[in-house]
Student: 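Once you've had a glance at the structure underneath, I'll fire off some questions.
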Amino acid sequence: MSNSLVPIFCATVLYPNKEGSTFDFQLWADKLMPEYAEILGDNCVKYEIRKVVATPNAPTPNFICSANFWIKSPEKLGASMADPRIPELMNQISSLT
């Protein structure tokens, strides 16, 4: 019996925490991430989002949010960028900060 493992890759998106910056976490979590995962199709195993919380008396975090998309194939990830929905979705994502 073969016990071969299928490699999984993690594509990570980091949003810088610039002074005075804001981030629409709900829009990203509730609408944009699921839309992107839909475009990725069965290549997307799972996705997750992390909201950075500042710790009192600690340095300001470098990022306001991180998002991870766990995928089976980097090549399929690249190919998904040709989807006609991508330009509008990327425009919305870039307007989050």
Student: Could you walk me through whether Glu48 and Phe69 pass side chain to side chain contact (heavy atoms under 4.5 Å, CB included), step by step?
Tutor: CA-CA 7 Å; Glu48 59 191 10; Phe69 290 88; over 6 Å; no
Student: So which heavy atom on Ile86 is nearest to which on Ser80, and how close?
Tutor: CG1-O, 3.4 Å
Student: Quick one: does Lys72's side chain have a donor or acceptor within less than 3.5 Å of a partner on Phe9's backbone?
Tutor: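 No: the side chain of Lys72 does not pair with the backbone of Phe9.
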Student: If you count heavy atoms of other groups shown closer than 6.0 angstrom to CZ of Arg50, is the number above 12?
Tutor: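 12 or below, so no.
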Student: State the CG-CE distance between Leu27 and Met33, to the nearest 0.5 angstrom.
Tutor: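 So the gap between those two atoms works out to 12.0 Å.
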Student: Out of curiosity, Trp28 CH2 to Lys51 NZ, how far, rounded to the nearest 0.5 Å?
Tutor: 15.0 Å
Student: Is there a side chain to side chain contact (heavy atoms under 4.5 Å, CB included) between Tyr47 and Asn68? Walk through the geometry before answering.
Tutor: CA-CA 5 Å; Tyr47 59 91; Asn68 299 305; over 6 Å; no
Student: Check each of Asp83, Val45, Leu77 against Leu40 using the side chain to side chain contact (heavy atoms under 4.5 Å, CB included) test, and report the only one that passes.
Tutor: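 The residue from Asp83, Val45, Leu77 that satisfies side chain to side chain contact (heavy atoms under 4.5 Å, CB included) with Leu40 turns out to be Leu77.
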Student: Ser66 and Leu14: which non-hydrogen atoms are nearest, and at how many Å?
Tutor: CB-CD2, 3.5 Å
Student: Hey, what's the ring geometry for Phe23 with Tyr15, parallel, tilted or perpendicular (30° and 60° as the breaks)?
Tutor: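 Rings of Phe23 and Tyr15: tilted, as their planes differ by 30° to 60°.
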Student: So which atom in Ala29 and which in Pro34 form the shortest heavy-atom distance, rounded to 0.1 Å?
Tutor: O-CD, 3.5 Å
Student: Taking Thr55 for the side chain and Ala58 for the main chain, is one N or O donor matched with an acceptor at less than 3.5 Å?
Tutor: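 Checked: no pair found.
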Student: So, for Ile64 and Pro16, which heavy atoms are closest and what is the spacing to 0.1 Å?
Tutor: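 Nearest heavy atoms, Ile64 then Pro16: CG2-O, 3.9 Å.
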Student: Is a side-chain N or O of Asn43 found less than 3.5 angstrom from the main chain of Ile71, in a donor-acceptor match?
Tutor: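 No, because the side chain of Asn43 does not come within donor-acceptor range (under 3.5 Å) of the backbone of Ile71.
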Student: Applying a strict under-4.5 Å side-chain criterion to I, L, V, M, F, W and Y, I'd like to know whether Met81 and Trp70 cluster together.
Tutor: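 No, Met81 and Trp70 fall in different hydrophobic clusters.
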Student: How close do Ser73 and Lys76 get, heavy atom to heavy atom, and via which atoms?
Tutor: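 Looking at all heavy atoms of both residues, the shortest contact is OG-N, 3.0 Å.
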Student: Verify whether one side chain among Lys31 and Gln92 offers a donor that lies under 3.5 Å from an acceptor in the other.
Tutor: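 Looking only at side-chain atoms, Gln92 and Lys31 do form a donor-acceptor pair, the distance falling under 3.5 Å.
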Student: Under 4.5 Å between side-chain heavy atoms, counting indirect links through other Ile/Leu/Val/Met/Phe/Trp/Tyr residues: same cluster for Ile49 and Ile93 or not?
Tutor: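 Linked within one cluster.
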Student: Given the rule that I, L, V, M, F, W and Y join up when any side-chain heavy atoms are under 4.5 Å apart, are Tyr36 and Phe25 in one cluster?
Tutor: yes
